Amino acid sequence: MNTVFLQYYKTDFGNLIIGDFQNRLCLLDWQYRAKREQVDGRIANYLKAEFVEKETPLHQEVIVQLEEYFRQQRTNFDIPLLLAGSDFQKKVWQALLEIPHGQTVSYLSLSRQLGDEKAIRAVASANGANAISIIVPCHRVIGSGGELTGYAGGIDAKKKLLLLEGYRFQPELF
């Protein structure tokens, strides 16, 4: 049986769980999100692994880079990632990695970018299944009208992350 080493990390945005699988980040997710068991189960099944709470050097590097991000001293992350999901989910998550810091895209435009605007619900579902929050920036995906829609860390955390990145909200959205 393989092992995902976990560490818990409290931030001003919410509590995170950091998962290290063979020195690659497979989990950086909100501790109290909806579907916590579903996400953990998918990762455990995909990696044929169990979860063990134990600090690793990768955890420390993730925390250093997150703290730089939170202090607005980092706009890109340099962490080895392991995306644990279906081929379609990985395709969506790779597209999320291409959204520039401080910018947003709509679910519809992301669906179009991936080649099928009718796949908007599947794209939204894959976005919601992202287990590497912040670094794989699912918080940068918003509704077509500019509204903030679901986020595993909660809408307040999504809004705070976007404000941290300098995103300018339309006044009517407040």
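Just so it is clear, the structure is predicted and the values come from calculations on it, not from any experiment. Computed from heavy atoms alone, side chains included, the values below leave out hydrogens, waters and symmetry copies.
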Quick one: does Trp93's side chain have a donor or acceptor within less than 3.5 Å of a partner on Ala126's backbone?
yes

So, Arg42 side chain and Ala84 main chain: donor-acceptor pair closer than 3.5 Å or not?
yes

Looking only at heavy atoms, the pair that brings Arg36 and Trp30 closest together is NH1-O, 2.6 Å

Is it true that a side-chain atom of Asn15 and a backbone atom of Tyr8 form a donor plus acceptor pair closer than 3.5 Å?
no

Are the side chains of Gln103 and Tyr167 in contact, using a 4.5 Å heavy-atom criterion?
no

Approximate separation, where rounding is to 0.5 Å, of Ile120 CD1 and Leu114 CG
11.5 Å

Quick one: NZ on Lys90 to CG on Leu96, what's the gap to the nearest 0.5 Å?
15.0 Å

First locate atom CD1 of Ile79, then atom CG of Asn23, and finally report the distance between them rounded to the nearest 0.5 Å.
11.5 Å

Backbone N/O of Gly145 and side chain of Glu147: donor-acceptor pair under 3.5 Å:
yes

Can you hop from Leu16 to Phe5 via hydrophobic side chains spaced under 4.5 Å?
no

What I'd like to find out is whether the side chain of Ile99 reaches to under 4.5 Å of the side chain of Thr104, using heavy atoms alone.
no

Grouping I, L, V, M, F, W and Y whenever their side-chain heavy atoms are under 4.5 Å apart, do Leu163 and Tyr151 come out in a common cluster?
no

Is a side-chain donor or acceptor of Asn45 paired with a backbone partner of Gly41 at a separation under 3.5 angstrom?
yes

Given side chains that start at C-beta, do those of Val141 and Thr149 come closer than 4.5 Å, heavy atoms only?
no

Looking only at heavy atoms, which two atoms of Gln65 and Phe77 are closest? And how far apart?
OE1-CA, 3.5 Å

May I ask you to check whether over 12 heavy atoms, not counting those of Lys54, lie within 6.0 Å of atom NZ?
no

Going from CD on Glu53 to NE2 on His59, what distance comes out if it is rounded to the nearest 0.5 angstrom?
9.0 Å

Same cluster or not: Tyr46 versus Leu81, using hydrophobic residues (I, L, V, M, F, W, Y) connected whenever any side-chain heavy atoms lie under 4.5 Å apart?
no

Gln73 atom CD: more than 12 heavy-atom contacts under 6.0 Å:
yes

Looking only at non-hydrogen atoms, find the nearest pair between His139 and Ile134 and report the distance.
CE1-O, 3.8 Å

Report whether Val92 and Val39 are members of the same hydrophobic cluster (ILVMFWY, side-chain heavy atoms less than 4.5 Å apart, transitive linking).
no

With a 4.0 Å cut-off, would you call Arg74 and Glu67 a salt bridge?
no

Is Asp29 salt-bridged to Arg33, going by a charged N under 4.0 Å from an acidic O?
yes

4.5 Å side-chain heavy-atom contact, Leu162 and Arg140:
yes

Establish whether Tyr9 and Phe21 are linked, either directly or via other cluster members, by ILVMFWY side-chain heavy-atom contacts under 4.5 Å.
no

For Tyr32, look at atom OH and say whether over 12 heavy atoms of other residues, nucleotides or ligands are found less than 6.0 Å away.
no

Whether Arg24 and Asp20 form a salt bridge (side-chain N of Lys/Arg under 4.0 Å from carboxylate O of Asp/Glu) is what I want to check.
no

Using only atom types and a distance under 3.5 Å, with no angle test, would you say the side chain of Lys160 pairs donor to acceptor with the backbone of Asp12?
yes

Flag if over 12 foreign heavy atoms under 6.0 Å of CZ, Arg121
no

Does any part of the side chain of Leu25, heavy atoms only, come nearer than 4.5 Å to the side chain of Ile132, both counted from C-beta?
yes

Provide the closest heavy-atom pair for Ala129 versus Gln89 in the form atom of the first, atom of the second, distance.
CB-NE2, 3.6 Å

Under 6.0 Å between the ring centres of Phe13 and Phe70?
yes

What one should report as the nearest heavy-atom pair of Leu6 and Gly19 is CD2-CA, 3.9 Å

Under a 4.5 Å cut-off applied to non-hydrogen side-chain atoms, are Gln7 and Ile63 in contact?
yes

From CG (Leu27) to CD1 (Ile18), nearest 0.5 Å
9.0 Å

Quick check: do Cys26 and Val4 have side-chain heavy atoms less than 4.5 Å from each other?
yes

Could you report the tightest heavy-atom contact between Leu97 and Ile135, atom names first, then the distance?
CD2-O, 3.5 Å

Gap separating the OG1 atom of Thr75 from the CD atom of Glu68, nearest 0.5 angstrom
11.0 Å

If we only count heavy atoms from C-beta on, is the Gln113 to Leu110 side-chain gap below 4.5 Å?
yes

